[in-house]
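Written below as structure tokens is the structure these notes are about.
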Amino acid sequence: MPRSHGRSGYRWRKARTTLMLEAPDVCWICGHSGGANEADHEPPLKTLEALGLDPCDLRFLRRAHGTWYRCPVCGRACNQSKGDRELPPPPHQSRAW
């Protein structure tokens, strides 16, 4: 039987529901609040599977804006624009003295 990709079945629905109820409604990709109604894997799903980690573990799930509920501020479908890649680290914000 083929292995599940972590996005179907009871365990996935339970993990997603728990995330939506407990995590704040802020998209981890763009940082804007409101409408972040999708669950995204961080690190990406292919990385989790390669490492043998459970993709339904809440430590690896983050809220994100998606196709049906785009960001009300920037209009992005953040989860789809990110795809299955890792995000680059944020730029260094402070000034070098």
Side-chain angles (χ1 to χ4, degrees):
M1 175 178 264
R3 190 171 162 211
S4 170
H5 288 284
R7 292 173 286 195
S8 61
Y10 172 76
R11 289 183 66 238
W12 169 248
R13 288 192 309 271
K14 183 176 178 176
R16 185 188 181 287
T17 301
T18 303
L19 176 73
M20 294 302 148
L21 291 174
E22 293 180 359
D25 187 17
V26 176
C27 177
W28 79 276
I29 298 171
C30 69
H32 299 136
S33 63
N37 292 330
E38 286 194 9
D40 185 33
H41 292 94
E42 179 55 31
L45 185 59
K46 63 182 178 182
T47 305
L48 291 173
E49 289 178 343
L51 296 173
L53 298 172
D54 180 14
C56 293
D57 191 334
L58 287 175
R59 293 179 298 165
F60 307 122
L61 293 176
R62 307 284 185 268
R63 288 181 79 144
H65 296 110
T67 303
W68 301 109
Y69 296 99
R70 291 178 176 262
C71 177
V73 177
C74 62
R76 284 178 58 191
C78 301
N79 198 9
Q80 282 67 28
S81 64
K82 175 187 159 279
D84 64 350
R85 337 178 263 285
E86 291 193 33
L87 290 178
H92 188 62
Q93 297 293 327
S94 65
R95 176 193 268 175
W97 294 95

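What you are looking at is a predicted structure, and each value in this text was computed from that prediction instead of being measured.
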Exercise for the section: Would you sort out whether Tyr69 and His65 count as a side chain to side chain contact (heavy atoms under 4.5 Å, CB included), showing the intermediate values? Expected result: CA-CA 6 Å; Tyr69 296 99; His65 296 110; 5.7 Å; no
Practice task
Using the side chain to side chain contact (heavy atoms under 4.5 Å, CB included) rule, take Arg59 and Leu53 through it: C-alpha gap first, then chi angles, then the decisive distance, then the call.
Solution key: CA-CA 11 Å; Arg59 293 179 298 165; Leu53 298 172; 5.5 Å; no
Practice task
Apply side chain to side chain contact (heavy atoms under 4.5 Å, CB included) to Leu61 and Glu42, showing your working.
Solution key: CA-CA 6 Å; Leu61 293 176; Glu42 179 55 31; over 6 Å; no
Problem - Residue pair Trp28, His41: steps toward the ring pair (Phe, Tyr, Trp, His ring centres under 6.0 Å) verdict - result: CA-CA 11 Å; Trp28 79 276; His41 292 94; over 10 Å; no
Practice task
Verify salt bridge (Lys or Arg N to Asp or Glu O under 4.0 Å) between Arg63 and Asp40, making sure each step is shown before the conclusion.
Solution key: CA-CA 6 Å; Arg63 288 181 79 144; Asp40 185 33; over 6 Å; no
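Taking SG of Cys71 as the reference point, atom NE2 of His32 lies at 5.5 Å (rounded to 0.5 Å). Taking CH2 from Trp68 and CG from Asn37, the interatomic distance works out to 13.5 Å, rounded to the nearest 0.5 Å.
Counting heavy atoms from C-beta outward, Leu48 and Pro43 have side chains that approach closer than 4.5 Å. For the pair Arg62 and Ile29, the minimum side-chain heavy-atom distance is 4.5 Å or more.
Within the 3.5 Å criterion, the main-chain N or O of Arg13 finds a donor-acceptor partner in the side chain of Thr17. Proximity of a side-chain donor or acceptor of Asp25 to a complementary backbone N or O of Ala36 within less than 3.5 Å is detected. A side-chain donor-acceptor contact under 3.5 Å links Ser81 to the backbone of Cys78.
Contact detail for Ala39 and Leu19: the closest heavy-atom pair is CB-CD2, 3.8 Å. In plain terms, the two heavy atoms of Asn79 and Ala64 that are nearest each other are CB-CB, 4.1 Å. Residues Cys30 and Cys27 share a closest heavy-atom pair of N-SG, 3.6 Å.
Under the 4.5 Å side-chain heavy-atom criterion for ILVMFWY residues, a single connected hydrophobic cluster contains both Trp12 and Met20. A continuous path of hydrophobic side-chain contacts links Phe60 to Leu51 [ILVMFWY only; heavy atoms under 4.5 Å].
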